[in-house]
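Contents: one structure, followed by commentary.
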Amino acid sequence: MSRELAKTYDPQEVEDRIYDFWLSGGYFHAEPDPKKTPYTIVIPPPNITGQLHMGHALDETLQDILIRWRRMQGYCALWLPGTDHASIATEAKIVEAMRGEGVTKEEIGREAFLERAWDWKKKYGGRIVEQLKKLGSSCDWERERFTLDEGCSKAVREVFVRLYEKGLIYRGERIINWCPHCKTSISDAEVEFSEHDGCFWHLRYPFKDGSGYISLATTRPETMLGDTAVAVHPDDERYRDLVGKTLILPLVNREIPLIADTYVERDFGTGVVKITPAHDPNDFEVGLRHHLPVINVMDDSGNINENGGAYAGLPALEARRRIVEELEKQGFLIKVEPIKHNVGSCYRCGTVVEPRVSKQWFVKMKPLVGPAVKSVLDGEVRFVPDRFEKIYDHWMENIRDWCISRQLWWGHRIPAWYCADCGETIVARDEPHICPKCGSKNLRQDEDTLDTWFSSALWPFSTLGWPDQTDDLKYFYPTNTLVTGYDIIFFWVARMIFSGLEYTGKAPFNTVFFHGLVRDAQGRKMSKSLGNGIDPLEIIAKYGADALRFTLVTGNSPGNDLRFSTEKVEASRNFANKIWNASRFILMNIDGHDVKNELPENLAVEDRWIVDSFNRVVGEVTENLEHFELGIAIAKLYDFLWDEFCDWYIEIAKIRLNSEDGAAAQAARQVLVWVMTGTLKLLHPFMPYITEEIWQSLPHEGEAIMISPWPEYDPSLCFPHAAAQMRSIMDAVRAVRNRRSEMNVPPSRKARLSIAAADQETFRTGAAILERLAYASAVEVGSEFDIEGAVTIVTPDARILIPMDELVDRKAELERLTKELASAQKQYENAQAKLGNEKFTAKAPVSVVEGVRQNAAKLQEHIALLQSAMEALK
RNA sequence: GGACGUUUAGCUCAGCUGGUAGAGCAUUCGCUUGACGUGCGAAAGGUCAUAGAUUCGAGUUCUAUAACGUCCACCA
């Protein structure tokens, strides 16, 4: 043995050493290799401000499993890592930090602010990367990218210019979602709606001619300051004659028209809507149709601006209070009705979003949507699970133009310049110095930056060198699998798809593998505010990265959320320990012997069985991985290693290992090494550290398990006869153990077994196994035994007698036999009923009918055996 | 308002293209069995949410219903 192994696996001692070993071997690095097929995954870039959380841990684990598996299969596997500059989140953090120093970003100015931001990036951007490494992620760190680095920025400018030239990017006054806290516009996708308690204020607006009032209701009375019309439905009998009249806006005393528009629902409220084009998306549309003035009454902090007259400077809510008060005083308030309604808030900071007209840059979506929808429909991009295709499709079909400009400094500055002299807008890849229209040198760049997701959308190809046709791009693009949570399907996945199609002509990946959210043990979302988050790094420190990875993948199915609990991690840790000890056992037994990792010439029945079983697992696990059924794959490996290999094969192998027969012992050693090595390989993508550590100690060829070939299903390793024989033997072992346990016979008390079976050869072969595992002092096999007062155990293939009469309560024994007989008879009747059913025998497949027939025959025998056993007891 | 998901052993969940239900944890009983008590052996525990339909046969397909959850829309 190369070195003494500890009784329990110590991940702390192993992980960093192994990770360094992989790094120094350069195994994570991928170079285009024409002899290989590429397999590429780009990482969903974590925010530089972020700390590793369970969501990342799950995401990275799934990716690492896929990439390690494909690498072992011989693909040129590239997992491209990187980070996202996360404009809003990062800028907010820096502003927050500056608040501590008592400075604002306006005070220090753009340049100084960006300097701070880059310092921040240098300081914290590396943190999350180091955390990813702790998980065992086999990313190609030589290719690490950042969304603001030179290459990605070049791609961003290229895309912006191309879209602008195509007319797909435009600048205009539109209603957008404004976050008064972040002081920037945000896209529709970045608004989260939730139900709030609110009020419905019923107001009356007087006609100018003094002919009375019209009543309407609003949830946001303060916006009345910006009202420029009141609308009714054109077919509404109640108001038809009034359309066209002029109203006097209360408090403001502005004359506004009563207009007709089909947007108004006649059945809702009074069927009358006040129109505030500057602060409501629908009203804005109405305003466009009716050429209404747009009066913006709110500034960028959410306060009423100079257009609000007496209310200027007040925060919106305060203005609301005073306006309602004043309306009531002047008799314009009819009533206040409490209601529940949905309010949109900023997904970053939670502040209530104000719809507001503002001059922004937009991407025209309609022309981009078509190909993106088609690519998913046609299967060029496949979603796993496929139910997300429908969600994607629905979103795409109803998408509105994408507001991409942000009033932030940290990000890609919009490559647009304005001529101060002639007003010309110049959009260019490189900074222009002269206005092409008037020759002025007085150019000023747009102050705004782009939505973070604008650059993320390019990630699969900007990271590979696009727009240049680099060798990397040609070889690794399009990528293969995108692994991500369903929560960013709109933010990111959809945008990558239409971007990839538009700029590269190809979908950026062929499969999107969605996983769910990691929740706490009670099923709640892990969040900072709840304080219920579990730090993956603490779990790694305590239980090991392999245990964490195992926990995250086991029992997990695509697209479904999973609950995380330390109990599960403990079970995973125990499994790692089981692998460790199985290996320790093997290492102890091969110590001092020359054992190669190959199967021996002559395989015993148990060897053929375990090899057959292993081979089956190879086939199944590989297939499961191909279908992204990682949870099923790992469950099969768990069962195989623990139940079949450890609990049965190793126990059986001890017979030969402890025997005088040197050749037999050597054969057992070889099979142990061969199966263990193969199993470690299958486990490696899931639990990379422990498998590498053990593999290095076992007889092996090659440098590392992580670059060793993935096992392949081999038809020549199928041994159905041996498998059936072992089933008979194992059934017998279990039956004997069961009976002994029921009779409270301790393992130390051995007893003779007499086995009567049709297939005597199988039980002669298995005699030694029965002796060891069924605590037999001796085993005799024959066609029939008649032992006075023996305990009879009946298995599907044998009748086993144990002369233990003195230990047995005859009456109890008779009772249990009666019970067992009844159960067997019922099963037999069921089978007979099926076979007697002509519809069944005629319509069911032959193999199924034959199976039932054989089962019936066995049951018949079983019943006979039980009956004779009962006779003998009486 | 629309769409989707979940509902299987006490708890957490698997269960692929239909052939009489599985795991982990918890529970009960027994065991220092020369790798492992982070272990070994055994047991108990389920009319697979409800009602129909298709089928020789349904946890598995279809249709309704209920509860819980998610997403989208947002009628002021």
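This structure is a prediction, so every number in the text was calculated from the model and none was measured. The chains referred to below are lettered A, B, ... by the order of the sequence lines, with proteins before strands, and numbering in each begins at 1.
- Going from the C1' atom of B:C36 to that of B:G41 covers 15 Å, rounded to whole Å.
- The C1' atoms of B:U50 and B:C72 are separated by 29 Å, rounded to the nearest whole Å.
- Atom CZ in A:Arg220 sits about 11 Å away from atom P in B:C75, given to the nearest Å.
- Using a 4.0 Å cut-off, some side-chain N or O of A:Lys390 falls inside it from OP1 or OP2 of B:C4.
- Rounded to whole Å, the separation between the P atoms of B:G59 and B:U20 comes to 11 Å.
- Only the P atoms considered, B:A43 is 44 Å distant from B:C4, to the nearest whole Å.
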>> Can you give me the dot-bracket string for RNA chain B, 5' to 3', counting Watson-Crick and G-U wobble pairs with both distances under 3.5 Å, using [ ] for crossing pairs and | for partners on another strand?
In response: (((((((..((((........)))).(((((.......))))).....(((((.......))))))))))))....
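- The phosphate of B:U12 (OP1 or OP2) has no side-chain N or O of A:Ser565 nearer than 4.0 angstrom.
- At whole-Å resolution of the value, NE2 in A:His341 and C1' in B:C75 are 13 Å apart.
- A:Thr554 comes within 4.0 angstrom of nothing in the nucleic acid, heavy atoms only.
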Going by atom type alone, with no hydrogens or angles, which donor-acceptor pairs under 3.5 Å involve a side-chain atom of residues 513-520 of chain A and a protein atom two or more places apart or on another chain?
| residue | atom | partner | partner atom | Å |
| --- | --- | --- | --- | --- |
| A:His515 | ND1 | A:Asp59 | OD1 | 3.4 |
| A:His515 | NE2 | A:Gly485 | N | 3.4 |
| A:Arg519 | NE | A:Asp561 | OD2 | 2.8 |
| A:Arg519 | NH1 | A:Gly523 | O | 3.2 |
| A:Arg519 | NH2 | A:Asp561 | OD2 | 3.0 |
| A:Asp520 | OD1 | A:Gln522 | N | 2.9 |
| A:Asp520 | OD1 | A:Gly523 | N | 3.0 |
| A:Asp520 | OD1 | A:Arg524 | N | 2.8 |
| A:Asp520 | OD2 | A:Arg524 | NE | 2.8 |
| A:Asp520 | OD2 | A:Arg524 | NH2 | 2.8 |
| A:Asp520 | OD2 | A:Asn532 | ND2 | 2.9 |

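- Heavy-atom nearest nucleotides on RNA chain B were determined for A:Asp267 and for A:Asp188, and the one closer to the 5' end corresponds to A:Asp188.
- In this structure, A:Lys578 fails the cation-pi test against A:Tyr638, since its NZ or CZ atom is not both closer than 6.0 Å to the six-membered ring centre and inside 45 degrees of the ring normal.
- Atom CZ in A:Arg524 sits about 14 Å away from atom P in B:U12, given to the nearest Å.
- The existence of a salt bridge linking A:Glu623 and A:Lys636 is excluded, since no basic side-chain nitrogen approaches an acidic carboxylate oxygen closer than 4.0 Å.
- Inter-residue side-chain proximity for A:Pro281 and A:Arg400 is flagged as met; some heavy-atom pair is nearer than 4.5 Å.
- Remark: the separation of the P atoms in B:U70 and B:C13 is 15 Å, to the nearest Å.
- Using a 4.5 Å heavy-atom cutoff, the side chains of A:Glu389 and A:Asp393 are not in contact.
- Sorted by first and then second residue, the side chain to side chain donor-acceptor pair (under 3.5 Å) pairs with a member in residues 270-279 of chain A read A:Thr223-A:Lys274, A:Asp227-A:Lys274, A:Asp227-A:Thr276, A:Lys274-A:Thr276, A:His279-A:Asn296; sequence neighbours excluded.
- Defined by atom type and a distance below 3.5 Å, a donor-acceptor pair is missing between the side-chain atoms of A:Thr841 and A:Glu838.
- Remark: P of B:A42 and CZ of A:Arg749 are 21 Å apart, rounded to the nearest angstrom.
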So which protein nitrogen or oxygen atoms get under 3.5 Å of nucleotides 54-57 of chain B's nitrogens or oxygens?
| residue | atom | partner | partner atom | Å |
| --- | --- | --- | --- | --- |
| B:C56 | OP1 | A:Lys843 | NZ | 2.1 |
| B:C56 | O2' | A:Asn837 | ND2 | 3.2 |

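- For the pair A:Ile275 CD1 and B:C75 P, the computed distance is 11 Å after rounding to whole Å.
- At a threshold of 4.5 Å between non-hydrogen side-chain atoms, the residues A:Val230 and A:Val273 do not count as touching.
- Here, B:A21 and B:G39 have their P atoms 29 Å apart, quoted to the whole Å.
- Picking from B:A76, B:G15, B:C74 the nucleotide with the shortest atom distance to the side chain of A:Phe193 gives B:C74.
- To the nearest whole angstrom, the two C1' atoms, one in B:G15 and one in B:C68, are 22 Å apart.
- Distance, A:Leu562 CG to B:G24 P: 19 Å, rounded to whole Å.
- The closest side-chain heavy-atom distance from A:Val733 to A:Leu770 is below 4.5 Å.
- With a 4.5 Å cut-off on side-chain heavy atoms, A:Glu771 and A:Lys750 do not count as touching.
- A 4.5 Å side-chain heavy-atom check between A:Asn581 and A:Tyr9 finds every atom pair outside the cut-off.
- Position along RNA chain B of the nearest nucleotide to A:Ser194 versus A:Ala521 favours A:Ala521 as the more 5'-ward residue.
- Nucleotides B:A23 and B:G57, compared at atom C1', are 27 Å apart to the nearest Å.
- Considering A:Ile610, A:Val621, A:Leu683 as possible partners of A:Phe640, the one that fulfils the side-chain contact (heavy atoms from CB on, under 4.5 Å) test is A:Ile610.
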> In the 5'-to-3' direction, what one-character label does each nucleotide of nucleotides 5-11 of chain B receive under the scheme B = base within less than 4.0 Å of a protein heavy atom, S = sugar-phosphate only, - = no such atom?
Replying inline: S------
> When you look at A:Val852 and A:Phe840, which way does the side-chain contact (heavy atoms from CB on, under 4.5 Å) test go after all the steps?
Replying inline: CA-CA 11 Å; A:Val852 174; A:Phe840 173 73; 4.0 Å; yes
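- Proximity note for A:Asp280 (side chain, C-beta onward) versus B:G15, B:C75, B:U70: the nearest is B:C75.
- Rounded to an integer number of Å, the gap from CZ of A:Phe491 to C1' of B:C71 is 12 Å.
- Contact annotation: the side chain of A:Val294 approaches that of A:Pro277 to within less than 4.5 Å [non-hydrogen atoms, C-beta and beyond].
- Listed nucleotides: B:A14, B:C71, B:C75. Nearest to the side chain of A:Ile391: B:C71.
- In plain terms, the two heavy atoms of A:Asn837 and A:Lys839 that are nearest each other are OD1-N, 2.9 Å.
- In the set B:C75, B:A76, B:A73, the nucleotide with an atom closest to the side chain of A:Asn342 is B:A73.
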> If the sugar-phosphate is the primed atoms plus P, OP1 and OP2 and the base is the rest, what is the B/S/- string for nucleotides 25-41 of chain B, using protein heavy atoms under 4.0 Å?
Replying inline: ----S-----BB-BSSB
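- Here the C1' atom of nucleotide B:G15 and the NE2 atom of A:His627 are 16 Å apart, to the nearest Å.
- Results of the ring pair (Phe, Tyr, Trp, His ring centres under 6.0 Å) test with A:Tyr347 over A:Phe490, A:Phe193, A:Phe491 single out A:Phe491 as the only residue that passes.
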